[in-house]
Student: 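Right, I'll just put the structure down here and ask away after.
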Amino acid sequence: MSINLAMSICSDVDHSVLLIDGDPRRSQIADRLGLVRTNGLLEVLAGECALEDAIVTTDVPKLSVLPSGCRSAGAEELFASAQMRELLSEMSARYPERMLIIDAPPLLAASEALVLSRLAGLVVLVVGADSTPEPDVRGAIEMVDDCDSVSLLLNKASRSLGGAFQHYDYDY
């Protein structure tokens with residue numbers, strides 16, 4: 001989902017995107033984009049490599065990726081650290097036209113997601129239609145209740161639009 005969002009924003013002439021993989025246990029962004037796994041966010045936070053050495057440019061114009069990295073131990077502590085806040089602040093200041101998108105693990109499944117949500121200007125909760133139980137959605141919303149802006153995105157909905165659009169046979 002975050003890759004699609006990043007590519008959509010990159011199509012805007014005024015914005016570039018840095019897609020940050022904040023899911024070290026199930027890091028998939030680099031693989032899905034055909035990038036070689038290298039040092040990434042966790043190594044930058046641990047002081048093992050420079051930010052410039054961890055960011056990977058892609059074949060998609062205006063899209064760069066900061067992989068999660070090769071290590072996963074201690075991710076929650078590194079995400080909650082002052083270094084993480086400073087890094088996000090530095091990236092925002094250095095490239096004001098660049099949007100930062102952090103792909104995080106499911107909120108109810110991993111503590112790193114809650115830590116990252118506290119650092120975000122906008123939290124988007126992806127809800128699987130017909131698969132995410134309502135109590136889970138309510139619980140996730142309560143967890144991020146103190147975040148500045150929270151949006152829900154319904155994913156995997158399969159419903160015919162009907163009416164005027166019925167003849168186009170679109171299903172979303």
Side-chain angles (χ1 to χ4, degrees), residues 1-30 32-33 35 39-47 49-58 60-69 72 74-128 132 136-156:
M1 181 62 61
S2 61
I3 294 173
N4 290 340
L5 176 61
M7 288 193 181
S8 177
I9 292 170
C10 286
S11 68
D12 182 354
V13 294
D14 295 332
H15 292 96
S16 62
V17 173
L18 175 60
L19 179 56
I20 302 167
D21 191 340
D23 190 354
R25 289 185 213 157
R26 292 195 174 160
S27 177
Q28 297 179 353
I29 292 175
R32 289 189 178 184
L33 292 174
L35 305 173
N39 288 330
L41 176 61
L42 295 173
E43 286 81 12
V44 171
L45 293 172
C49 81
L51 176 62
E52 296 77 20
D53 296 332
I55 293 177
V56 181
T57 56
T58 69
V60 177
K62 300 187 288 182
L63 175 63
S64 299
V65 173
L66 178 56
S68 65
S72 64
E76 181 180 359
E77 292 81 16
L78 288 169
F79 289 166
S81 69
Q83 291 93 327
M84 181 66 169
R85 287 187 298 282
E86 291 168 11
L87 180 65
L88 290 173
S89 205
E90 174 191 340
M91 289 188 294
S92 295
R94 189 185 302 182
Y95 306 104
E97 76 290 346
R98 178 186 282 171
M99 297 190 94
L100 304 177
I101 298 175
I102 303 173
D103 180 67
L107 187 60
L108 297 177
S111 56
E112 293 92 352
L114 184 58
V115 171
L116 289 171
S117 73
R118 305 283 188 251
L119 302 172
L122 168 67
V123 173
V124 178
L125 297 174
V126 179
V127 177
T132 307
D136 288 355
V137 175
R138 290 185 185 279
I141 291 169
E142 287 177 20
M143 290 176 75
V144 295
D145 191 43
D146 58 340
C147 294
D148 290 340
S149 182
V150 177
S151 296
L152 297 177
L153 180 84
L154 185 63
N155 191 22
K156 301 178 186 173

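We're numbering straight along the sequence, starting at 1. Heavy-atom basis, side chains included; hydrogens, waters and symmetry copies ignored. From a predicted model like this one, the values you see are computed outputs, not experimental measurements.
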Student: Search all heavy atoms of Val144 against all heavy atoms of Ser117 and return the closest pair with its distance.
Tutor: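 Closest approach of Val144 to Ser117: CG1-OG, 3.8 Å.
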Student: Which residue pairs pass the salt bridge (charged side-chain N to carboxylate O under 4.0 Å, His left out) test with at least one member in residues 78-92, sequence neighbours excluded?
Tutor: Glu90-Arg94
Student: What's the separation between atom CZ in Arg25 and atom CG in Asp23, rounded to the nearest 0.5 Å?
Tutor: 8.0 Å
Student: Could you check whether any side-chain heavy atom of Leu33 comes within less than 4.5 Å of a side-chain heavy atom of Ile3, counting everything from C-beta outward?
Tutor: yes
Student: Can you name the nearest heavy-atom pair linking Pro24 to Leu42, along with the distance?
Tutor: CB-CD1, 3.6 Å
Student: For the side chain to side chain donor-acceptor pair (under 3.5 Å) test, which of Ser27, Ser2, Ser68 pairs with Asp103?
Tutor: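 The single option meeting the side chain to side chain donor-acceptor pair (under 3.5 Å) with Asp103 is Ser2.
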Student: So do the side chains of Cys147 and Arg118 get within less than 4.5 Å of each other, counting heavy atoms only?
Tutor: yes
Student: Keeping the roles fixed (side chain from Ser92, backbone from Ser89), state whether a donor-acceptor pair exists under 3.5 Å.
Tutor: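 Not at all, since once roles are kept as given, no pair shorter than 3.5 Å links the two residues.
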Student: What's the spacing between Gln83 CD and Leu78 CG if we round to 0.5 Å?
Tutor: 7.5 Å
Student: Quick one: salt bridge (charged side-chain N to carboxylate O under 4.0 Å, His left out) partners of Arg98, sequence neighbours excluded?
Tutor: none
Student: Looking only at heavy atoms, what is the nearest atom pair of Asp148 and Gly121, with distance?
Tutor: CB-O, 4.2 Å
Student: Could you state the interatomic distance from CG (Leu45) to CG (Leu87), rounded to the nearest 0.5 Å?
Tutor: 5.5 Å
Student: Quick one: are Phe79 and Leu41 in side-chain contact, heavy atoms under 4.5 Å?
Tutor: yes
Student: Taking C-beta and beyond as the side chain, do Glu43 and Asp53 meet within less than 4.5 Å on heavy atoms?
Tutor: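 No - every pair of side-chain heavy atoms lies 4.5 Å or more apart.
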Student: Out of the candidates Leu152, Asn155, Thr132, only one should pair with Val126 under the side chain to side chain contact (heavy atoms under 4.5 Å, CB included) rule; please name it.
Tutor: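 Exactly one option meets the side chain to side chain contact (heavy atoms under 4.5 Å, CB included) with Val126, and it is Asn155.
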Student: CD1/Ile29 to OG1/Thr58 distance, rounded to the nearest 0.5 angstrom?
Tutor: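 Ile29 CD1 to Thr58 OG1: 11.5 Å, rounded to 0.5 Å.
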Student: Quick check for you: to the nearest 0.5 Å, what is the distance between Leu107 atom CG and Leu114 atom CG?
Tutor: 6.0 Å
Student: Is there a side-chain contact between Leu5 and Met99, using heavy atoms and a 4.5 Å cut-off?
Tutor: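 They are not in side-chain contact.
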Student: Who are the side-chain contact (heavy atoms from CB on, under 4.5 Å) partners of Ile102, not counting sequence neighbours?
Tutor: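 Per chain and number, Ile102 pairs via side-chain contact (heavy atoms from CB on, under 4.5 Å) with Ile20, Leu88, Leu116.
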Student: With rounding to the nearest 0.5 Å, note down the distance linking CG in Leu18 to OG1 in Thr57.
Tutor: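 Rounded to the nearest 0.5 Å, the CG-OG1 separation comes to 11.5 Å.
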Student: With a 4.5 Å cut-off on side-chain heavy atoms, are Asp21 and Gln28 touching?
Tutor: no
Student: Compare all side-chain heavy atoms of Leu66 with those of Leu51 and state whether any distance is below 4.5 angstrom.
Tutor: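 Yes, their side chains come closer than 4.5 Å.
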Student: Look at atom CZ of Arg26 and say whether more than 12 heavy atoms of other residues, nucleotides or ligands are closer to it than 6.0 Å.
Tutor: no
Student: Where is the tightest heavy-atom contact between Lys62 and Asp14, given as atom of each residue plus distance?
Tutor: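 Minimum heavy-atom contact is NZ-N, 4.5 Å.
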